[in-house]
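Working notes, structure below.
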Amino acid sequence: VHRVVASPLLQRTWPCSGRPCGSSRGPAVHLAPVCFISSEAILDRLLRGKDTETSDGPRPASVPPDRAQQLSLLLKHPDQPEKPKVLKVAVIGAPNAGKSTLSNQLLGRKVFAVSKKVHTTRARALGVWTAGDTQIILLDTPGFTTPAKVKRHHLEKSLLVDPSDSVQEADLVVVLVDVSEKWSRGQLDFEVLKCLARHPHIPAVLVLNKVDLLKNKSLLLDVTAELTDGVVNGKKLRVRSVVKPGEERKGPTPAAPPPRTEAQGPLELSREDVRELRTRRGWPRFKDVFMLSSLDEEDVETLKSYLLVGAKPGPWLYHSDVLTDQSPEDICVNTIRGKLLENLPEEVPYTMTQCIEVWRESESSLLDVAVKLYVKKDSHMRMVIGQGGQLIAKIAHEAAEDLSRIFNKEVKLKISAKLKN
């Protein structure tokens with residue numbers, strides 16, 4: 001039913017129905033990652049490699065370290081090619097699924113903060129990736145959460161509204177699932193399901209992330225069947241390790257939603273709709289499925305090609321030199337927050353606030369930055385400073401390296417800490 005583009009990831013390939021996948025030399029094309037590609041036109045173009053070369057393109061843009069220059073660049077009229085194409089992509093998922101890591105890999109620069117803790121991303125941020133005549137707008141969103149959790153952990157309200165608002169703007173939704181999480185990988189996050197149900201007219205693809213951490217790769221087939229309800233692009237999946245001979249999945253194949261119009265808004269879900277969603281594990285309207293590690297550049301390359309092929313004719317929204325809509329100061333604060341989350345235990349980094357005290361460019365093209373951390377407790381202060389000031393120095397060094405790559409210039413970063421009054 002589906003042609004599968006496969007790699008050695010599962011130590012096997014699957015024959016495709018109809019004509020062979022790719023050349024006549026073998027039953028499958030070896031592209032990373034493994035993915036179920038059911039869209040005929042997209043698969044044909046991917047196999048031919050037309051308009052999908054990304055590795056030999058220009059280096060990704062950098063962010064001006066001056067706020068005024070960045071604003072001017074964002075307002076600059078787009079340098080439209082002769083036949084421009086564009087695609088707005090919302091990357092959504094549960095907290096810590098790897099959304100920002102994937103977005104950074106797609107952009108080619110680490111412009112979104114990442115850490116192993118949840119809620120590293122606190123508000124929606126936009127990334128722009130321009131390749132040839134195509135512009136991909138990436139909407140990196142916070143992980144879905146609930147009003148109760150926002151209130152309990154004193155989180156920003158942006159964590160509630162930004163993911164859903166981003167989906168409403170998107171041409172394509174990428175749903176990211178962490179398959180290394182044993183207890184959650186077999187079921188889509190309920191808030192993600194609600195978001196998909198409210199926007200059924202917007203195409204969505206499923207990305208199974210962190211497959212490198214999964215010892216038993218054959219589980220990916222079962223996870224795919226669970227998270228798609230055994231249906232991709234309106235067709236039933238028929239994979240031996242997922243559906244036994246003679247066994248059929250319960251429930252009819254859902255009808256395709258009516259064509260989307262520009263004025264189409266989110267659907268209002270009734271109580272019955274919400275109750276029905278709570279009984280479901282997957283979403284049967286995914287167009288395609290990818291299995292990858294967002295840390296692996298080769299894995300992400302196939303998804304990049306897929307997005308380029310899926311772009312539609314339309315004017316660019318930004319100049320090709322734009323990389324993100326974040327201000328330089330926001331990038332700095334978010335980068336430091338990511339390092340604090342990565343290096344400090346439990347709730348400690350969530351209680352801190354930052355204040356940029358110095359932001360100065362020297363004549364020698366050096367960016368001099370000083371940031372003050374305001375810490376809630378004296379015990380937290382000792383943790384941040386570390387023995388002999390080693391930890392705070394380590395955080396400053398790592399953040400400065402990341403910022404140097406983003407701004408494309410040397411950054412001297414000094415971080416100090418002070419107890420809150």
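Numbering of residues begins at 1 and proceeds along the displayed sequence. Heavy-atom basis, side chains included; hydrogens, waters and symmetry copies ignored.
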Please determine if Glu342 and Lys339 form a salt bridge, counting it only when a charged side-chain N lies under 4.0 Å from a carboxylate O.
no

Once side-chain contact (heavy atoms from CB on, under 4.5 Å) is applied, do any residues pair with Arg275, and if so which ones, sequence neighbours excluded?
Arg271, Glu272

Stepwise side chain to side chain contact (heavy atoms under 4.5 Å, CB included) test for Met383 and Leu391:
CA-CA 8 Å; Met383 291 182 192; Leu391 183 56; 5.8 Å; no

If we only count heavy atoms from C-beta on, is the Ile336 to Leu413 side-chain gap below 4.5 Å?
yes

Answer yes or no: is there a donor N or O on one side and an acceptor on the other, between the side chain of Ser72 and the main chain of Ala68, under 3.5 Å?
no

Would you mind reporting whether Val89 and Leu139 have side-chain heavy atoms less than 4.5 Å apart?
no

Test side-chain contact (heavy atoms from CB on, under 4.5 Å), reference Asp368, set Glu410, Lys412, Lys414, output is Lys412

Basic-acidic side-chain contact under 4.0 Å: Glu361, Lys409:
yes

Distance col, row Tyr350:OH vs Lys376:NZ, nearest 0.5 angstrom, shows 14.5 Å

For residues Arg278 and Phe190, determine if any side-chain heavy atom of one lies less than 4.5 Å from a side-chain heavy atom of the other.
yes

Check whether any side-chain N or O of Asn334 sits under 3.5 Å from a backbone N or O of Asp330 as a donor-acceptor pair, and report yes or no.
yes

Under the side chain to side chain donor-acceptor pair (under 3.5 Å) criterion, do Thr101 and Asn104 qualify, and how do the steps go?
CA-CA 5 Å; Thr101 301; Asn104 286 335; 5.6 Å; no

Measuring from atom CD1 of Ile406 to atom OG1 of Thr324, what distance do you get when rounded to the nearest 0.5 angstrom?
9.0 Å

NZ or CZ of Lys304 within 45° of Trp129 ring axis and under 6.0 Å
yes

Counting only heavy atoms not in Lys420 (residues, nucleotides, ligands), do more than 12 fall under 6.0 Å from its NZ?
yes

Is there a side-chain contact between Gln354 and Arg337, using heavy atoms and a 4.5 Å cut-off?
yes

Within the distance-only criterion (no hydrogens, no angle test), does the side chain of Thr228 pair as donor or acceptor with the backbone N or O of Val232 below 3.5 angstrom?
no

Gln135 side chain vs Lys85 backbone, donor-acceptor pair below 3.5 Å:
no

Go through Cys355 and Val371 one step at a time and tell me if the side chain to side chain contact (heavy atoms under 4.5 Å, CB included) criterion holds.
CA-CA 6 Å; Cys355 177; Val371 175; over 6 Å; no

Leu219 side, atom CG; Glu226 side, atom CD - distance, nearest 0.5 Å:
11.5 Å

Could you tell me whether a side-chain N or O of His397 sits under 3.5 Å from a main-chain N or O of Ala393, the two making a donor and an acceptor?
no

Within the structure provided, determine whether Phe407 and Pro328 are in side-chain contact (heavy-atom separation under 4.5 Å).
yes

Where do Thr335 and Asp402 land on the side chain to side chain donor-acceptor pair (under 3.5 Å) test, with the steps shown first?
CA-CA 8 Å; Thr335 300; Asp402 286 353; 5.8 Å; no

Whether Ser100 side chain and Phe112 backbone form a donor-acceptor pair below 3.5 Å:
no

For residues Leu102 and Leu303, determine if any side-chain heavy atom of one lies less than 4.5 Å from a side-chain heavy atom of the other.
yes

Working to the nearest 0.5 Å, report the span between CD of Glu357 and CD1 of Ile415.
11.5 Å

Can I get a per-line list of side-chain donor-acceptor pairs under 3.5 Å for residues 202-210, giving both atom names and the distance, sequence neighbours left out?
residue: Asn209; atom: OD1; partner: Ser294; partner atom: N; Å: 2.9
residue: Asn209; atom: OD1; partner: Ser294; partner atom: OG; Å: 3.3
residue: Asn209; atom: ND2; partner: Ala97; partner atom: O; Å: 2.9
residue: Asn209; atom: ND2; partner: Ser294; partner atom: OG; Å: 3.3
residue: Lys210; atom: NZ; partner: Asn96; partner atom: O; Å: 3.1
residue: Lys210; atom: NZ; partner: Asp178; partner atom: OD2; Å: 3.3

Asp171 side chain to Leu87 backbone, donor-acceptor under 3.5 Å:
no

Under 3.5 Å, side chain of Trp283 to main-chain N/O of Val192, donor-acceptor pair present?
no

Mind running side chain to side chain contact (heavy atoms under 4.5 Å, CB included) on Asp212 and Asp296 for me, showing each step along the way?
CA-CA 9 Å; Asp212 53 316; Asp296 191 304; over 6 Å; no

In terms of heavy-atom contacts, Pro284 and Val231 come closest through O-CG1, 3.5 Å

Is it the case that the side chain of Gln105 and the backbone of Leu295 share a donor-acceptor pair, with hydrogens and angles ignored and the cut-off at 3.5 Å?
yes

Are any of the side-chain heavy atoms of Asp66 and Trp359 separated by less than 4.5 Å?
no

Side chain Asp325, main chain Leu126, donor-acceptor under 3.5 Å:
yes

One should read off an interatomic distance between His319 NE2 and Leu75 CG, to the nearest 0.5 angstrom, of 12.5 Å

Say you draw a straight line from NZ of Lys76 to CD of Gln69; how long is it, rounded to the nearest 0.5 Å?
11.5 Å

Check the side chains of Asp299 and Ser293 for a donor-acceptor pair under 3.5 angstrom, ignoring hydrogens and angles.
no

Flag the pair Leu106 / Ile136 as yes when at least one side-chain heavy-atom distance between them is below 4.5 Å, and no otherwise.
no

Pair Arg281 + Asp229, salt bridge at N-O below 4.0 Å
no

